[in-house]
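Here it is, the structure in full.
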Amino acid sequence: MATRLQQDRFRTFIDLVADSLDEPATGTELAQRAYLTRFHFDRLFTAVVSESPGAFRRRLLLERAAYRLVRGNTPVTEIALDSGYGSNQAFTRAFERAFGVPPSEHRRRGVPKFRLDAPSGVHFHPPAGLYVPSSDDERRGSMDLTDRLIEHDRWLTGRMLDAAASLSEEQLDAPMDLAEEEILFLDGPLTVRSIINRLVFTKEVWTAALKGAECPEPGEDSLSAMRGRLEAVDPEFLEIVRQVRDRGDWDAVFVDPTCNPPESFTFGAMVAHVLTFQAYRRQLLLVALKRHGVTDLGYGDPIEWERAVAG
């Protein structure tokens, strides 16, 4: 099992080499940037990355070269120079050893393959980055797509509730004018309050359906009451969805007794339905809040949420 120190060193070494791909950097210069002697840098780098610094850098440059050969018309000589080779002949020899064919043949075939065998799993990632796999420890504690979508929904809805608290009662109940657009699954005037209420009530309804309980009545719609309702239902909905995910029951069918008459759904379709229309309502709410002067919520981007929780 990799230690935290090993993981940190791994990322540090990867970053050092990545930063040197487009500049002539000697092994000694890379070692100095890592605050190590050349001997210790080479030894530690090879132990952590399972390739020597020079071999690692050459492989990444050859992978990038293979990608560029079939993605454009850049002359082979220019690609050779950009890959750190002083001559086209030296580049051709190295490329053929790595890929089994010379650069010109690779280009002629239009072969999309550009990754070479790598013990570290680190590869060039188009157009100009690196692919770095997560460690075993990171995978064990990582979130899958379901976690990301549901946790982002919780995070953004909570932020919007906080923002709505700065509005007056008149602003909370001011109808939005969205011309002739049809608003799905929202009854009555479209307001900040009604959108928040529907965000909360949707989870209450589906949580009841998943539990086989009776359909709940709409709850109190003051901001404090809606926050309390959300804090009560969110963990329950999340836990049910995670149990479905862990069992691999996305295609299993359940009967929703809250419908009249009762209807059947797969668990996967239900979760996709909830997340789709929650995202739709969140965007409506972002527009409504922005019209009332709330401009610090951004676009509700899941990337922003993931960066926030990563610290």
Side-chain angles (χ1 to χ4, degrees), residues 2 6-136 138-139 142 145 301 303 306-307:
Q6 287 173 323
Q7 292 173 16
D8 289 345
R9 276 182 175 164
F10 181 83
R11 294 295 176 87
T12 298
F13 290 158
I14 297 303
D15 290 344
L16 278 173
V17 175
D19 288 343
S20 75
L21 291 182
D22 288 312
E23 62 179 56
T26 66
T28 299
E29 289 170 335
L30 292 177
Q32 290 172 345
R33 295 175 192 177
Y35 303 102
L36 294 168
T37 65
R38 173 68 184 274
F39 171 78
H40 284 96
F41 175 71
D42 286 354
R43 183 174 63 84
L44 287 173
F45 189 102
T46 302
V48 172
V49 182
S50 301
E51 289 178 273
S52 71
F56 180 76
R57 186 173 184 273
R58 285 192 298 273
R59 177 177 61 76
L60 293 178
L61 287 168
L62 284 172
E63 289 185 347
R64 185 176 72 174
Y67 172 81
R68 293 179 64 193
L69 282 166
V70 297
R71 299 296 195 284
N73 298 311
T74 306
V76 173
T77 300
E78 182 177 335
I79 293 175
L81 294 173
D82 290 344
S83 300
Y85 292 89
S87 69
N88 195 36
Q89 292 77 9
F91 172 66
T92 297
R93 287 194 298 270
F95 191 94
E96 188 166 5
R97 281 196 302 270
F99 290 95
V101 295
S104 57
E105 179 65 14
H106 181 84
R107 167 169 279 175
R108 187 188 68 79
R109 294 180 182 181
V111 180
K113 176 182 181 296
F114 61 85
R115 289 183 175 180
L116 297 166
D117 290 339
S120 64
V122 178
H123 295 281
F124 168 72
H125 183 72
L130 296 183
Y131 167 80
V132 182
S134 58
S135 68
D136 289 341
E138 288 171 327
R139 281 192 288 272
S142 68
L145 184 59
D301 194 335
I303 294 174
E306 185 168 293
R307 289 172 176 166

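Since this is a predicted model, take the numbers as computed values, not measurements. Values below: every heavy atom of this structure, side chains too, minus hydrogens, waters and symmetry copies.
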Of the non-hydrogen atoms in Leu62 and Ala94, which two are nearest, and what is the gap between them?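 Heavy atoms only, the tightest pair is CD1-O, 4.1 Å.
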
Taking all heavy atoms of Ser120 and all of Val49, pick out the closest pair and write down the distance. CB-O, 3.3 Å

Lys NZ or Arg CZ of Arg71 over Phe114 ring: under 6.0 Å, within 45°: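 Verdict for Phe114: no cation-pi partner in Arg71.
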
I want to check something: taking the side chain as every heavy atom from C-beta on, are Leu81 and Ser87 in contact at a cut-off of under 4.5 Å?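 No, side chains not in contact.
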
Closest approach of Ala118 to Glu51 (non-hydrogen atoms, all atoms of both residues): CB-OE1, 4.4 Å

Correct closest heavy-atom pair for Phe56 and Val122 would be CZ-CG1, 3.7 Å

Working note: Glu78 + Arg68, criterion side chain to side chain contact (heavy atoms under 4.5 Å, CB included); need CA distance, chi angles, decisive distance, verdict. CA-CA 11 Å; Glu78 182 177 335; Arg68 293 179 64 193; 4.2 Å; yes

Which residues pass the ring-ring contact (aromatic ring centres under 6.0 Å, His included) test with Tyr85, sequence neighbours left out?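 Per chain and number, Tyr85 pairs via ring-ring contact (aromatic ring centres under 6.0 Å, His included) with Phe91.
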
Nearest 0.5 Å, what's the CD-OG1 distance between Glu96 and Thr92? 8.0 Å

Spatial distance of atom CD (Gln89) from atom OG1 (Thr77) [nearest 0.5 Å]: 8.5 Å

Find out whether Phe41 and Leu16 are in side-chain contact, i.e. whether some heavy atom of one side chain is under 4.5 Å from a heavy atom of the other.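 Phe41 reaches Leu16 side chain to side chain.
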
Do Ser52 and Asp42 come within less than 4.5 Å of each other through their side chains, counting heavy atoms only? no

Can you confirm whether Arg108 sits close enough to Val101 that some side-chain heavy atom of one is under 4.5 Å from a side-chain heavy atom of the other? no

To the nearest 0.5 Å, what is the distance between NZ (Lys113) and CD (Glu63)?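 The NZ atom of Lys113 sits 8.0 Å away from the CD atom of Glu63.
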
With sequence neighbours left out, write down each residue that passes ring-ring contact (aromatic ring centres under 6.0 Å, His included) with His106, or none if nothing qualifies.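 Partners of His106 under the ring-ring contact (aromatic ring centres under 6.0 Å, His included) test: Phe95, Phe99.
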
Do the non-hydrogen side-chain atoms of Arg57 and Leu60 ever get within less than 4.5 Å of each other?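 No; the side chains remain at least 4.5 Å from each other.
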
Minimum heavy-atom separation for Val76 to Arg107, with atom names? CG2-NH1, 4.1 Å

Applying side-chain contact (heavy atoms from CB on, under 4.5 Å), name anything that partners Ser50, two or more places apart in sequence or on another chain.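 For Ser50, the residues satisfying side-chain contact (heavy atoms from CB on, under 4.5 Å) (neighbours in sequence not counted) are Pro119.
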
Spacing of CZ belonging to Phe45 relative to CD1 belonging to Ile14, to within rounding of 0.5 Å: 5.5 Å

Arg59 and His123: CA distance, side-chain angles, deciding distance, side chain to side chain contact (heavy atoms under 4.5 Å, CB included) verdict: CA-CA 8 Å; Arg59 177 177 61 76; His123 295 281; 3.6 Å; yes

